[in-house]
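We number each residue from 1, following the sequence as shown.
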Amino acid sequence: MYPEHLVAPMRLELVNNGFTELFSVSEVEKALSENTSALVVVNSVCGCAAGNARPGVVASLKNSKKPDKLYTVFAGVDKEATDAARSRMSPFPPSSPSIALFINGELVHMIERHHIEGRPSTLISENLIEAYNQFC
């Protein structure tokens, strides 16, 4: 577990851009059982989350089409919520950071860590925008 004072700024980067944090299994289940579009970011303390994933996700939200709901769980901190979110991302193996788009509770688009690491945030944003335009 990472200390809260370390992860707080990383949490706020998404929360300040409209994301709701999910801390429990029941919150994840409730969020992903709604008949709506939902983006779930598995946040992380790693450098690719800071330099690529979070900035890419935030930039993607400037698109005219975007998910109705924005959620985040924090790997290495909110274990139960993260495990619950990852269980809904099957068949993809657990990775963090990662980004998943759900429509009516069904996974329709997934960006795994190996799609994030070493890639610019603009590429992540473009990937998400294409998914939003297709599914939202």
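- Side-chain atoms of S87 come within 3.5 Å of backbone N or O of A84 as a donor-acceptor pair.
- The two residues S121 and N52 have their closest heavy-atom pair at CB-O, 3.4 Å.
- Partners of S26 by side-chain hydrogen bond (donor to acceptor under 3.5 Å, both in side chains), not counting sequence neighbours, listed by chain and number: S24.
- Note: the hydrophobic cluster containing V108 also contains L70 (ILVMFWY, side chain heavy atoms under 4.5 Å, direct or indirect links).
- For E21, the side-chain hydrogen bond (donor to acceptor under 3.5 Å, both in side chains) partners two or more places apart in sequence, or in a different chain, are R11.
- Placement of I129 and M110 in two distinct hydrophobic clusters is found when ILVMFWY residues are connected by side-chain heavy-atom separations under 4.5 Å, directly or transitively.
- For the side-chain hydrogen bond (donor to acceptor under 3.5 Å, both in side chains) test, residues two or more places apart in sequence or in another chain that qualify with H109 are N127.
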Assess whether side chain to side chain contact (heavy atoms under 4.5 Å, CB included) is satisfied between L101 and C136, documenting all intermediate values. CA-CA 9 Å; L101 179 62; C136 295; 4.3 Å; yes

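- By the 4.5 Å heavy-atom criterion applied to side chains, V40 and M89 are counted as neighbours.
- Each salt bridge (Lys or Arg N to Asp or Glu O under 4.0 Å) pair with one or both residues in residues 90-118, not counting sequence neighbours, appears once here: R113-E117.
- Rounding to the nearest 0.5 angstrom, the gap separating the CD1 atom in I116 from the SG atom in C48 is 6.5 Å.
- When all heavy atoms are compared, the tightest approach of L61 to Y132 is CD2-OH, 4.0 Å.
- Applying the side chain to side chain donor-acceptor pair (under 3.5 Å) definition to pairs two or more places apart or across chains, those involving residues 40-50 are N43-R54.
- Take T36 and apply the side chain to side chain contact (heavy atoms under 4.5 Å, CB included) test, not counting sequence neighbours, and it matches E34, D68, K69.
- Here R88 pairs with E29, L32, F102 under the side chain to side chain contact (heavy atoms under 4.5 Å, CB included) rule; sequence neighbours left out.
- Residues L128 and Y71 fall into different hydrophobic clusters, defined by Ile, Leu, Val, Met, Phe, Trp and Tyr side chains chained together at heavy-atom separations under 4.5 Å.
- L39 places a side-chain heavy atom less than 4.5 Å from the side chain of I99.
- Here the OG atom belonging to S60 is positioned 10.0 Å from the CG atom belonging to N17, to the nearest 0.5 angstrom.
- Partners of P91 according to the side chain to side chain contact (heavy atoms under 4.5 Å, CB included) rule, which considers only residues two or more places apart in sequence or in another chain, do not exist here.
- For A81, the side chain to side chain contact (heavy atoms under 4.5 Å, CB included) test picks out V28, V73, D78, with sequence neighbours left out.
- For the atom pair CG of N133 and OG of S64, the computed distance is 6.5 Å after rounding to the nearest 0.5 Å.
- In this view, S98 satisfies the side-chain hydrogen bond (donor to acceptor under 3.5 Å, both in side chains) rule with no residue, not counting sequence neighbours.
- At a threshold of 4.5 Å between side-chain heavy atoms, the hydrophobic network of Ile, Leu, Val, Met, Phe, Trp and Tyr places F19 and L22 in two separate groups.
- Side-chain contact between P97 and V42 is absent, with no heavy-atom pair separated by less than 4.5 Å.
- From E130, atom CD reaches atom CD of Q134 across 9.0 Å, with rounding to the nearest 0.5 Å.
- Other residues sharing a hydrophobic cluster with V77 under the 4.5 Å side-chain heavy-atom criterion for ILVMFWY residues are Y2, L6, V7, M10, V45, F74.
- By the 4.5 Å heavy-atom criterion applied to side chains, E126 and L123 are counted as neighbours.
- With sequence neighbours excluded, no residue satisfies salt bridge (Lys or Arg N to Asp or Glu O under 4.0 Å) with K30.
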